[in-house]
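Report on the following structure.
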Amino acid sequence: MTQSKAGTGAPGDAAKPRERYNRDDVVIAAAISVMSEKGYPSTSIQDVASRVGVLKGSLYHYFNSKEELLFRILQESHEQTREIHERIEQLDLPPLEKLLLNVRRSSEWFLANVERANIFFTEMKHLTGERHATAAGWGRAFERSISDCVVAGQADGTIRKDIDQRLLTRFVLGSVNNVRFWPSRRSGRQFDTDTIVDALVALVGDSVRAR
């Protein structure tokens, strides 16, 4: 009897964190879908629960509030993009190449995660207190990673110096942040992700490269 309990107990215990992790993913995916459709203010925990197919009360085992749920969405988005930037930072590349690779990989992520990106830029304002301060810091960290490349490129002569690095940084940031709007069903021709990303990298490169 004792051996039987031990044999069935261990796998069950090991499965609980995995089950919790999987459920978190399902809830977050449902929240992203609902918030994208309705906006954060009009989204309720009941809306998310209905999308998941569970009772409202069961969601509070995973998230204490709607704001915590929003924070988790933004946090996951930040972590995914941070990993992209860290992998690029570890490469031994000249500043301009590193900047353009950042543009490429970041824009690929934005186009693959349009709903997440939209929530990050439009709904962060609904966070309060420490959560808002933390999320705002994530945006500044991304800006610093771009700014560092621009400053280093100006120093080695590969990035133009006739425009202040702060303006170049804002130009690059705006280009990447807004690439999520480039796919459009209103236009007659649809462009695939590779075509859009290649165009963005080429345009940024032509704009910031030293003459």
Side-chain angles (χ1 to χ4, degrees), residues 15-90 98 101-149 169-170 172-181 193 197:
K16 287 178 182 177
R18 189 180 302 113
E19 180 182 350
R20 169 64 180 267
Y21 178 80
N22 291 340
R23 175 61 72 174
D24 280 1
D25 286 350
V26 170
V27 173
I28 288 176
I32 290 172
S33 177
V34 176
M35 288 182 193
S36 295
E37 295 171 9
K38 305 180 66 172
Y40 176 80
S42 298
T43 296
S44 67
I45 291 295
Q46 181 61 62
D47 292 330
V48 178
S50 298
R51 187 66 57 93
V52 176
V54 298
L55 295 174
K56 174 182 174 181
S58 66
L59 287 193
Y60 290 109
H61 293 292
Y62 304 94
F63 304 96
N64 293 328
S65 65
K66 187 174 76 167
E67 184 178 333
E68 182 185 348
L69 184 52
L70 173 61
F71 182 78
R72 275 288 305 277
I73 293 171
L74 303 186
Q75 184 179 42
E76 283 194 0
S77 300
H78 165 68
E79 287 300 318
Q80 291 175 18
T81 55
R82 181 185 61 80
E83 288 175 7
I84 292 171
H85 303 150
E86 287 186 351
R87 285 196 296 269
I88 293 172
E89 191 59 37
Q90 293 168 4
K98 187 176 292 186
L101 185 57
N102 246 316
V103 170
R104 178 173 297 279
R105 297 291 177 250
S106 297
S107 59
E108 288 172 345
W109 184 89
F110 275 80
L111 290 169
N113 298 275
V114 172
E115 290 184 338
R116 274 185 176 274
N118 287 340
I119 290 171
F120 191 93
F121 287 110
T122 61
E123 309 296 5
M124 184 191 299
K125 62 188 177 185
H126 297 293
L127 294 176
T128 60
E130 187 64 28
R131 289 191 182 114
H132 186 274
T134 299
W138 297 333
R140 290 192 294 271
F142 182 30
E143 181 174 354
R144 282 194 300 272
S145 69
I146 298 299
S147 176
D148 289 346
C149 288
T169 297
R170 290 169 191 169
V172 175
L173 283 173
S175 300
V176 174
N177 291 347
N178 288 298
V179 73
R180 67 190 194 277
F181 298 122
T193 295
V197 171

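- Under the side-chain hydrogen bond (donor to acceptor under 3.5 Å, both in side chains) criterion, the residue pairs touching residues 114-123 are Glu76-Arg116, Ser77-Arg116, Asn118-Arg180, Glu123-His126, with sequence neighbours excluded.
- Considering all non-hydrogen atoms of both residues, Ser147 and Thr169 come closest at CA-OG1, 3.4 Å.
- Here the straight-line distance linking atom CD of Gln80 with atom CD of Gln75 works out to 11.0 Å at 0.5 Å rounding.
- With values rounded to the nearest 0.5 angstrom, Asn64 atom CG is found 13.0 Å from Phe71 atom CZ.
- Contact of the Trp109 side chain with the Ile84 side chain is registered, since non-hydrogen atoms from C-beta on lie closer than 4.5 Å.
- Contact record, Ser107 with Val179: CB-CG1, 3.9 Å, taken as the closest heavy-atom pair.
- Counting only heavy atoms from C-beta outward, the side chains of Leu69 and Thr43 never approach each other to under 4.5 Å.
- Between the side chain of Ser106 and the main chain of Val103, no donor-acceptor pair closer than 3.5 Å is present.
- In this structure, Ser145 and His85 approach most closely via the heavy-atom pair OG-ND1, 4.3 Å.
- With Tyr40 contributing its side chain and Glu67 its backbone, the two residues share a donor-acceptor pair below 3.5 Å.
- Residue Met124 holds its CE atom at 14.0 Å from CZ of Arg131, rounded to the nearest 0.5 Å.
- Electrostatic pairing of Glu79 and Arg82 counts as a salt bridge here, judged by a charged N lying under 4.0 Å from a carboxylate O.
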Practice task
Walk me through it: do Phe142 and Asn177 pass the test side chain to side chain contact (heavy atoms under 4.5 Å, CB included)?
Solution key: CA-CA 11 Å; Phe142 182 30; Asn177 291 347; 3.8 Å; yes
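- Val48 has its side chain out of reach of Phe63: every pair of non-hydrogen atoms, C-beta onward, lies at least 4.5 Å apart.
- Val52 approaches Ala30 most closely through the heavy-atom pair CG2-CB, 3.5 Å.
- When every heavy atom of Ile119 is checked against every heavy atom of Leu70, the shortest pair comes out as CG2-CD1, 3.7 Å.
- Looking at Arg72 and Val27, their side chains never come closer than 4.5 Å, going by heavy atoms from C-beta outward.
- Atom CG in Leu74 sits 10.5 Å away from atom CZ in Phe121 (nearest 0.5 Å).
- Heavy atoms only, all atoms of each residue included: Ser65 and Ile45 are closest at C-CD1, 4.3 Å.
- The distance from atom CG of Asn113 to atom CZ of Phe120, rounded to the nearest 0.5 Å, is 12.5 Å.
- In this structure, Lys38 places its NZ atom where more than 12 heavy-atom neighbours from other residues, nucleotides or ligands lie under 6.0 Å away.
- Remark: side-chain polar atoms of Ser42 are not paired, donor with acceptor, to backbone N or O of Gly39 under 3.5 angstrom.
- The side chain to side chain contact (heavy atoms under 4.5 Å, CB included) check on Gln46 picks up Ser44, Ala49, Ser50, Lys56, with sequence neighbours excluded.
- The CG atom of Leu101 sits 4.0 Å away from atom CD1 of Ile88, with the distance rounded to the nearest 0.5 Å.
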